[in-house]
Amino acid sequence: MKLVVAIVRPEKLNDVLEALYRADVRGLTITRVRGHGGEIEDVETYRGMTVKVELHDKVRLEIGVSDHFVEPTVQAILGAASTGDVGDGKIFVLPVERVYRIRTGEQDQAAVTPVEPTAQPSD
Amino acid sequence: MKLVVAIVRPEKLNDVLEALYRADVRGLTITRVRGHGGEIEDVETYRGMTVKVELHDKVRLEIGVSDHFVEPTVQAILGAASTGDVGDGKIFVLPVERVYRIRTGEQDQAAVTPVEPTAQPSD
Amino acid sequence: MKLVVAIVRPEKLNDVLEALYRADVRGLTITRVRGHGGEIEDVETYRGMTVKVELHDKVRLEIGVSDHFVEPTVQAILGAASTGDVGDGKIFVLPVERVYRIRTGEQDQAAVTPVEPTAQPSD
Amino acid sequence: MASDLAAVNGADTAWMLVATAMVLFMTPALGFFYGGMVRSKNTLNTLMMSFVALGFVGVAWALAGYSLAFGNASGPWVGGFTNALLRGVGLEAHGTIPHVLFMAYQATFAIITAALISGAIVERMRFGAYIAFITAWSLLVYAPIAHWVWGGGWLMKLGALDFAGGTVVHVNAAAAAFVAAILIGPRKDYARQALVPHDVPYTLLGAGVLWFGWFGFNAGSALGANASAGLAFANTLLAPVGTLSAWTLLDLTRARKATAVGAATAIVVGLVAITPAAGFVSPILALVLGAAAAFPSYFAILYRARTRLDDSLDVCAAHGVGGITGALLTGVLAQKIWNNAADGALFGNIAQLWYQLAAVAATIVYSGAMTWVILKVLAAVTSLRATHREEGVGLDVTQHGEEAYSRLEGAILIHERRRVPR
Amino acid sequence: MASDLAAVNGADTAWMLVATAMVLFMTPALGFFYGGMVRSKNTLNTLMMSFVALGFVGVAWALAGYSLAFGNASGPWVGGFTNALLRGVGLEAHGTIPHVLFMAYQATFAIITAALISGAIVERMRFGAYIAFITAWSLLVYAPIAHWVWGGGWLMKLGALDFAGGTVVHVNAAAAAFVAAILIGPRKDYARQALVPHDVPYTLLGAGVLWFGWFGFNAGSALGANASAGLAFANTLLAPVGTLSAWTLLDLTRARKATAVGAATAIVVGLVAITPAAGFVSPILALVLGAAAAFPSYFAILYRARTRLDDSLDVCAAHGVGGITGALLTGVLAQKIWNNAADGALFGNIAQLWYQLAAVAATIVYSGAMTWVILKVLAAVTSLRATHREEGVGLDVTQHGEEAYSRLEGAILIHERRRVPR
Amino acid sequence: MASDLAAVNGADTAWMLVATAMVLFMTPALGFFYGGMVRSKNTLNTLMMSFVALGFVGVAWALAGYSLAFGNASGPWVGGFTNALLRGVGLEAHGTIPHVLFMAYQATFAIITAALISGAIVERMRFGAYIAFITAWSLLVYAPIAHWVWGGGWLMKLGALDFAGGTVVHVNAAAAAFVAAILIGPRKDYARQALVPHDVPYTLLGAGVLWFGWFGFNAGSALGANASAGLAFANTLLAPVGTLSAWTLLDLTRARKATAVGAATAIVVGLVAITPAAGFVSPILALVLGAAAAFPSYFAILYRARTRLDDSLDVCAAHGVGGITGALLTGVLAQKIWNNAADGALFGNIAQLWYQLAAVAATIVYSGAMTWVILKVLAAVTSLRATHREEGVGLDVTQHGEEAYSRLEGAILIHERRRVPR
Ligand SMILES: Nc1ncnc2c1ncn2[C@@H]1O[C@H](COP(=O)(O)OP(=O)(O)O)[C@@H](O)[C@H]1O
Ligand SMILES: Nc1ncnc2c1ncn2[C@@H]1O[C@H](COP(=O)(O)OP(=O)(O)O)[C@@H](O)[C@H]1O
Ligand SMILES: Nc1ncnc2c1ncn2[C@@H]1O[C@H](COP(=O)(O)OP(=O)(O)O)[C@@H](O)[C@H]1O
């Protein structure tokens, strides 16, 4: 089991979700974040005060996948999130020791297998 | 040391916090997130535009615990967060290499032991 | 490769960013979170309803760094984020298996090396 | 049609044009006052409970409500259908203003009274059922009671004093709110979770606009730009001034925190309390009345929160208790030298207090009973409440198909068959 | 200067003072109505498109616009420069109110008409170009058309009925919006992503304040506190009441969800539709007119969303279709016994419908063509659109150097050379 | 009591009823104008600094303030206690409106003037100390100065022109703000962190409502629906129109960004500047005055931000500099043919400029000194500032026990002893 953590541009989120969907990734969690990297900084002014905004809006995806799913997941994100301009973001793959599905208490593999109307969790 | 990451329903947060409290888990960090899983999708309409909302509000808990605390923590969450309906969420247990308590610079075990008025950090 | 996850006080964020900048850490992602630890709880009242607010605003930083960068990064945060009062936060260092830079598809070390105008990513 | 335009007075018309607009403005304001106090997932639903009254209660008023309240065929209980469909409501003078304007002014009262009830049943009622409820209620409850007090009915003849609707509007709405809260039942999370206002600035915004509009409500009830309007105006300024100060001091005394929700509530309570008294008491007594009115409502709110009555936004404590306090204090503090009508108990006319009590009691009984009947009938044909799942997800998405605050993540555009014109 | 002050009527002046303030209040309200419907990164830009009209269109009005619209040298097409720089606009009576007040009242109309256009081009136009556009537009398009209908021009003489500006304001702005949306082109994400309103309560707030202000707009157009104002007022209440109810029922019928954005839109559509008719039709027919006006605009919005026309906030469907519906229904439902001016087709005067049609057609043609010319000329000297990068980042940061909602993370103070006085 | 009601003029009363409501509406608006510019953790505190003035300053006004300002026993320095507790303030005519209404109108001025000061000391003052401060200030500073200029005091007799309170309200509040900012000291993060407005739309909303209300403030100061009110009205429209345009051009010239906070500020500066001049200058000169007033305040704001003076929301630059500019330009641009009172320097009456200067100087000296005394006395008995910890956590939680925007996580309901009635 791995946890794929990806930081992407907000305007690319829809494309990424679609690509993941096509790659049969169903479960994921996203968070609004702000990131700093090599992007140009914006300058804002409020009355006499000038402010440098170093952080840009990004979206963080967190996707728990079984090992053989890591590669397709990463490829889907790389394909859909890239624009070629500085600021496209990063993907981190973290090791996971255990996963639970809260609804059933199922563990590991079974926990991230999507529910099928009548299917029993395989493996 | 492990990091327990749990995605739960927002309406279950209070119950989870209480269960964790009873399990003697004191330190944790939460984030508002949105998740996609097997849940039914909502359809919204804004003027002529129809929109499918695939992401549902969830809360992400992040809890750093020493190894022997992982099991009670997971059990507390499983017990309190489950409703039995699709969408209850997941728990991930990640390995942690080191932990620091910023206030004191203490490391590892000591860093996640709650402060007692006059206690010295054990182990 | 490691992922340094730090929870700090929002009012210390500026100092932390500056310290990281001086430690040559350029890429990072931050999230608004709420945390519970040993802090005093606030009590709020809305009309007849009394409410105990157990969670305090914090900021979570997530910084992917190569192994030899972990120590300076952690030291920078410890130095800048500490006030000595309960509630300063924690740092977790997590192992990372792989990192990708989305813009280029570069992997690992190269992926977190900051872009230099004309530089090629050095190992 | 325009027979005796001569009797239309320009100055009175100028003031009543504005006063009517101001009272209309109160209904959106009420939406914000209430909307700030619910959870964010029910924001639009709460706002819409006020806004939709502007539609359906307005239509009902034009079709029949105005006639039932003010129609010529005036027995003691209800007006007739003489003015149904606004027949006979023209440009001729009604008092000193055009009749159509008088009708419009009264329409704004009917609308906001119905919307007031919503505070007791937010975050859980099916929206369709709500529309049916307030529309029926405005015809069956509001119109008759307005007739009793202002349309020539029995309370008017009895001599009960209600300058701008303390009883007709506030006590009436609160009685209905009480019954509705009981019949519809508490929110599923009530008393189990902290149900915290999601946007207190909205509540303050609502309170600010309500105060502004209330000048039209109270001083407009003089139906002209005269000394009585001036008095009602000054009192509508001074009473909430007193309530706000007293409430803040109560807050500071109890918990050393002057709450903003409390301040917004205090303004409304003060406005409610002065409503029946506005043109009848002296300014300095209005200040006293306002300060005094803080106490019963303040403690009623504290008490209510410990009961099982999920009158979610405290319509009973603010409008009911506040309205009753105001109605009774009108019977105590009224002064003939200020109002040319009647003295209160303090000035020797103890009977007045009984008339006031009669008006309050009659209103509570009739409004409570009829609300019960309307809701029971509705419950027989449709379900009043959203399902538990809908309540969990929030009424914005489930009743309105929208979110109040979208931040755009994960909303996928559904392409419908696209034609390619332009 | 103050020659015949005697003819200034106090009551009329009192009402028009307020009415003018109310109409001015509509422009910020429009900013919120629009601002709630865009994405959060363009909130300030959208608000500023309304607010900046208060500046530049106001200046243009004082310098020349008022004179071009209402100046004495009145041919059929345009006023002269007699009153340029407000020469000759003094305290003397214009009708029954001070001339300066009449000028101020008309200024507020010019301002909001220009701001209305912005709804079609939000989230992508360069702000500097926008300022130049609306300033020129107010002089070259608004002022002449106002002259045609109200300043003694040819439509006035023809006998077209437009009580408060259904054609001059709404149809006019919508024609310009149509052309501007085409020339400036759709947003880069249009029809590719879900572009969802970021703050629906703001839209409702805007609608509430617009309704309040619109009483000044319509009833103020009687230019006095008289029976005609009373009629216009009642109709401005009843028409949106009808539209809101009809729209809600349409929503419920189609998708079982009564949308809040829909309710806000319905209020505006109802107000637009009654604008030309306000002082000309009976109250009950105003209710009917309002309800009827829901249908064309409702379906126009559904249709537009499937086309490639990115009239982003549906200025054409709300103000264009609504305005045309209102103008034509004025020609059908007007009644001489209510307005002392003309009957409509329903009451035997079929010709009136043709006058109305002529006014609508002339406005659309002139406004559309001139808008095209102005924008083409501007495009020749500067770029009208923000770059794709700017559109991606959002216009708030790129055009205004600000964020609407800052939560403070990562904003670093830049110390400029600091002196050490105080 | 109601002796000479005959002298009450209906039209004047109609206008003044509305004008008073409009000015009252400005105080909540000010709360939003200010509240949008602070950090979110201090939103409610900033709003409450305005709202609470509606309570305590209102009470002080009724008890003694009105009498001190306008009481009959009028020496040059202060009114007496003749009208304390509103004794003798009845329905009789004061000028042409009911005396109670005049008192209410003036109350709204006292309230907003006190609230204006709060902009200099937001995000750090203890709320209890703040209440005590503004209540005392309204009695000891505002009431006497109002007496000097409007109550028959020495500045009135000298012949200083101040139509609606440029000196009494704005220069006065700014002088107090200056002293308060110094005595209370800068916020702990001032000049160390970027203190960015948390909700700019609120600031724009506030500015919009302030403009609306300011028509009541300025045109209402004519105390009747007459030509002078019309002139003041038109000028209150045109001056901010000029300021807003000039400010936007300055912004565009300096940084190519037209800021929204700047636009909101410009509107207020324009309104402040025209306040003393509203009924005294011609409309076209009002436009010029407004445009000219943009410059000093614009650069004062830029300058202030580089000093150590944490006048957090720039009360001095907007109301002080703006008010002085307005007062002096009144002495330059006034024209007898428009105001029947006095010419300014430009029209040959150079002395007028000196009267204006005297009024400004006297106000600054008295207000500054007395504010210093009041705060020093208060500091001797209680602490003026919140602790550093409280400032860090935010004043909403620490002073009011509430959060402005709750998203509900981790709020645990505390069950108090529950009784089980209903
Ligand atoms: N080392 C890192 N750790 C965590 N997040 C990072 C790191 N580097 C970049 N990011 C995230 O990725 C975003 C884009 O990174 P950046 O380096 O600017 O772009 P690119 O990868 O295209 O060079 C940043 O805004 C930040 O959110
Ligand atoms: N593979 C995953 N990785 C990360 N988060 C997930 C994953 N699967 C589900 N989630 C989170 O858990 C929530 C509920 O998951 P879902 O699969 O719908 O429910 P259930 O676990 O009851 O089948 C989702 O909304 C999402 O936030
Ligand atoms: N075990 C933990 N896991 C995750 N986050 C924690 C943990 N303990 C503390 N935190 C975070 O750190 C913040 C401060 O922690 P706390 O224990 O109060 O302070 P200190 O480290 O100074 O004793 C908390 O608000 C929370 O966000």
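Within every chain, numbering begins at 1; the chains are lettered A, B, ... in the order of the sequence lines, protein sequences first and strands thereafter.
- Contact annotation for F:V23: neither backbone nor side-chain heavy atoms come within less than 4.5 Å of a heavy atom of chain D.
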Worked check of side-chain contact (heavy atoms from CB on, under 4.5 Å) between D:M16 and D:L223: CA-CA 7 Å; D:M16 293 309 295; D:L223 296 174; 3.6 Å; yes
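- In this structure, F:D396 contributes its side chain and F:L44 its backbone to a donor-acceptor pair below 3.5 Å.
- Proximity to chain F is limited to the side chain of D:L287, based on heavy atoms less than 4.5 angstrom apart.
- Ranking D:W247, D:F233, D:F215 against chain F, the residue ahead of the rest is D:F233, based on heavy-atom pairs under 4.5 Å.
- Contact of F:Y202 with chain D is made through the side chain alone, with heavy-atom distances under 4.5 Å.
- Looking at F:L54, both its backbone and its side chain come within 4.5 Å of chain D, counting heavy atoms on both sides.
- For the pair F:Q399/F:Y130, no side-chain contact is recorded, criterion being any heavy-atom separation below 4.5 Å from C-beta on.
- Every residue two or more places apart in sequence or in another chain that forms a ring pair (Phe, Tyr, Trp, His ring centres under 6.0 Å) with F:H400 is listed here: F:F127.
- Using cut-offs of 30° and 60° on the angle between ring planes, the pair D:F217 and D:W214 is tilted.
- The residues F:E402 and D:K257 are annotated as not salt-bridged, no charged nitrogen and carboxylate oxygen being separated by less than 4.0 angstrom.
- Put simply, of D:A260, D:G208, D:A263, D:A14, the one with the most heavy-atom pairs under 4.5 Å next to chain F is D:A260.
- Interface remark: of the candidates F:T43, F:I131, F:L101, F:T20, F:T20 forms the most heavy-atom pairs closer than 4.5 Å to chain D.
- Among residues 25-38 of chain F, the residues having any heavy atom closer than 4.5 Å to a heavy atom of chain D are, in sequence order, F:F25, F:P28, F:F32.
- Counting heavy-atom pairs under 4.5 Å between each of D:I267, D:V261, D:D12 and chain F puts D:V261 at the top.
- Here D:D314 pairs with C:R47, D:R304 under the salt bridge (Lys or Arg N to Asp or Glu O under 4.0 Å) rule; sequence neighbours left out.
- Applying the side chain to side chain donor-acceptor pair (under 3.5 Å) criterion to D:E123, with sequence neighbours excluded, gives D:R39, D:N42, D:R187.
- Taking D:L244, D:T13, D:V200 one by one and counting their heavy-atom pairs under 4.5 Å with chain F, the maximum is reached by D:V200.
- Ranked by heavy-atom pairs under 4.5 Å with chain F, the first of D:N226, D:T236, D:L205 is D:L205.
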Intermediate values then yes/no, side-chain hydrogen bond (donor to acceptor under 3.5 Å, both in side chains), F:Y105 and F:H94: CA-CA 12 Å; F:Y105 184 65; F:H94 180 103; over 6 Å; no
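- A donor-acceptor pair is defined here as one N or O able to donate and one able to accept, closer than 3.5 Å; such a pair exists between the side chain of D:D251 and the backbone of D:T259.
- When each of D:V241, D:L238, D:T243 is scored by its heavy-atom pairs under 4.5 Å with chain F, the top score falls to D:V241.
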